[in-house]
Number of protein chains: 2
Amino acid sequence: MPKHAKEMEALKAHLGKHQLKYTRQRELILDAFLQQEHITAEEMYHQLAKKDPHLGLATIYRTLNLFCEAGLAQARHFGTQTQYDNISHKGHHDHLICTDCGKIVEFENCEIEKLQEEVATRNGFTISTHRLELYGLCGRCRH
Amino acid sequence: MPKHAKEMEALKAHLGKHQLKYTRQRELILDAFLQQEHITAEEMYHQLAKKDPHLGLATIYRTLNLFCEAGLAQARHFGTQTQYDNISHKGHHDHLICTDCGKIVEFENCEIEKLQEEVATRNGFTISTHRLELYGLCGRCRH
DNA sequence: ATCTTATTGAGACGATTTATCAATTTCAAT
DNA sequence: ATTGAAATTGATAAATCGTCTCAATAAGAT
């Protein structure tokens with residue numbers, strides 16, 4: 001049984017529903033993508049540079065956007081680049097960031113997420129992912 | 001007394017501290033900016049196109065970035081563009097963002113903020129600001 | 001008023017992403 | 001297995017967004 005059978009089925013379902021085709025390139029990109037928490041198109045391009053067949057950068061972009069439409073990925077614009085987040089790893093997108101030394105601490109808090117759901121429901125939204133960043137000074141930099 | 005006296009003072013304080021100058025352009029852009037919840041550089045460029053003096057797009061970008069450094073604005077990347085959020089009266093700015101149509105709903109939730117403080121304290125951080133974005137589908141786009 | 005320094009506007013530039021298009025591949029129907 | 005219509009690919013051109021450059025101008029201290 002392949003490593004990412006569940007996600008591969010989800011992709012195939014989406015392809016079938018939209019008269020799209022299952023290609024070797026899409027399989028390669030899916031495999032690489034599911035091993036990451038998040039990745040940019042450029043990073044993936046270099047990661048897969050040596051694979052056969054050779055993958056063009058345009059194909060990487062097209063395929064990552066396809067994953068977004070299929071519900072496997074979510075694009076997030078950070079700085080000048082676009083990060084493609086792996087939805088199946090979701091839940092760990094929260095960060096404490098020290099504005100002085102740049103230190104980043106990851107955390108997860110179920111209570112906050114419950115409250116987020118409440119806010120979303122109250123506004124008619126269905127949340128697929130979120131991003132929470134707390135900026136401040138870490139213990140060492142406060143002195 | 002000018003409409004945005006408080007914010008203008010905050011800007012002047014920042015300018016003074018960094019040997020920067022208070023120009024007619026910066027005043028115009030500040031006035032326009034404070035009347036918005038959030039705006040892109042391009043939108044502001046068109047809004048101010050008829051003003052005297054004429055404002056170059058580069059100046060708009062430079063000035064909005066200056067506002068970020070001065071703590072009056074916060075940049076947020078959505079879609080292909082950068083939104084500059086007005087954080088001058090609200091100390092924070094939380095968003096529900098529809099990933100389909102781009103609709104943005106603003107909200108605030110004291111309980112979430114209390115929990116954020118707890119997380120920060122537990123990790124030795126002192127928070128100065130934060131960013132919370134919930135991504136998903138709005139009611140209209142869910143069908 | 002003068003002088004130093006920051007700022008401006010216009011356009012060049014750089015980085016990222018999308019559009020174009022001929023050649024190739026998929027896949028359903030023979 | 002072969003065929004053939006339709007989707008996909010890779011290379012590159014083009015578009016988009018934001019920053020950089022630089023000569024001219026404006027701010028503000030002396």
Side-chain angles (χ1 to χ4, degrees), chain A residues 8 11-30 32-33 38-70 73-85, chain B residues 8 11-30 32-33 38-70 73-85 99 102:
Chain A
M8 193 174 288
L11 176 59
K12 282 184 178 171
H14 178 85
L15 296 176
K17 202 172 296 179
H18 294 79
Q19 295 162 282
L20 305 176
K21 291 171 177 173
Y22 188 74
T23 64
R24 178 121 184 72
Q25 284 87 344
R26 284 171 177 166
E27 183 176 7
L28 279 173
I29 295 172
L30 181 64
F33 177 69
H38 47 76
I39 193 167
T40 67
E42 198 74 34
E43 282 165 4
M44 181 166 284
Y45 180 66
H46 287 113
Q47 241 179 59
L48 300 184
K50 304 290 167 56
K51 292 271 183 174
D52 179 68
H54 168 74
L55 292 154
L57 186 55
T59 299
I60 308 263
Y61 274 107
R62 281 187 292 234
T63 305
L64 288 173
N65 288 332
L66 170 70
F67 291 173
C68 290
E69 283 155 27
Q74 175 140 54
R76 185 167 48 86
H77 304 275
F78 191 78
T80 70
Q81 299 209 135
T82 299
Q83 292 280 343
Y84 290 88
D85 293 346
Chain B
M8 193 174 288
L11 176 59
K12 282 185 177 172
H14 178 85
L15 296 176
K17 202 173 293 177
H18 295 79
Q19 295 162 282
L20 306 176
K21 291 169 179 174
Y22 188 73
T23 65
R24 178 127 181 67
Q25 284 88 344
R26 284 173 178 166
E27 184 176 6
L28 279 172
I29 295 172
L30 181 64
F33 177 69
H38 44 76
I39 194 168
T40 67
E42 199 74 35
E43 283 165 1
M44 180 166 284
Y45 180 66
H46 287 114
Q47 242 181 58
L48 300 184
K50 303 293 167 53
K51 292 273 185 176
D52 180 69
H54 169 75
L55 292 154
L57 187 55
T59 300
I60 309 263
Y61 274 109
R62 282 186 291 232
T63 304
L64 289 172
N65 287 333
L66 171 69
F67 291 172
C68 291
E69 284 156 25
Q74 181 156 53
R76 183 168 46 84
H77 303 277
F78 181 73
T80 67
Q81 300 210 129
T82 299
Q83 293 279 345
Y84 290 87
D85 294 345
T99 51

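Below, read A as the first sequence line, B as the second, and so on, with proteins coming before strands; counting in each chain starts at 1.
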Among [options], the one nearest [X] by side-chain distance:
{"X": "R62(A)", "options": "dT9(D), dG18(D), dA26(D)", "answer": "dT9(D)"}
{"X": "K21(B)", "options": "dG28(D), dT8(D), dT9(D)", "answer": "dG28(D)"}
{"X": "A58(A)", "options": "dT21(D), dA27(D), dT12(D)", "answer": "dT12(D)"}

Outermost nucleotides of DNA chain C that come under 4.0 Å of a non-hydrogen atom of chain A: dT16(C) to dC27(C)
Please report whether the ring centroid of F67(A) lies less than 6.0 Å from that of F33(A). yes
Atom-to-atom span, [atom1] of [X] to [atom2] of [N] - whole angstrom:
{"X": "Q25(B)", "N": "dA26(D)", "atom1": "CD", "atom2": "P", "value": "9 Å"}
{"X": "F67(A)", "N": "dT8(D)", "atom1": "CZ", "atom2": "P", "value": "13 Å"}
{"X": "H77(A)", "N": "dT16(D)", "atom1": "NE2", "atom2": "P", "value": "16 Å"}
{"X": "L28(B)", "N": "dA27(D)", "atom1": "CG", "atom2": "P", "value": "12 Å"}
{"X": "L57(A)", "N": "dT12(D)", "atom1": "CG", "atom2": "C1'", "value": "11 Å"}
{"X": "I29(A)", "N": "dT8(D)", "atom1": "CD1", "atom2": "P", "value": "12 Å"}
{"X": "H14(A)", "N": "dT8(D)", "atom1": "NE2", "atom2": "P", "value": "10 Å"}

For R26(B), which contact category applies under a 4.0 Å heavy-atom criterion: base, sugar-phosphate, or nothing? sugar-phosphate
Starting at the 5' end of DNA chain C, which residue's closest nucleotide do you reach first, R24(B) or Y61(A)? R24(B)
For the residue pair R24(A) and D52(A), what are the closest heavy atoms and their distance? NH2-O, 3.8 Å
May I ask you to list the residues of residues 38-55 of chain B, by number, that have any heavy atom positioned under 4.0 Å from an atom of DNA chain D? none
Residue closer to the 5' end of DNA chain D, T80(B) versus Y22(B) (nearest nucleotide): T80(B)
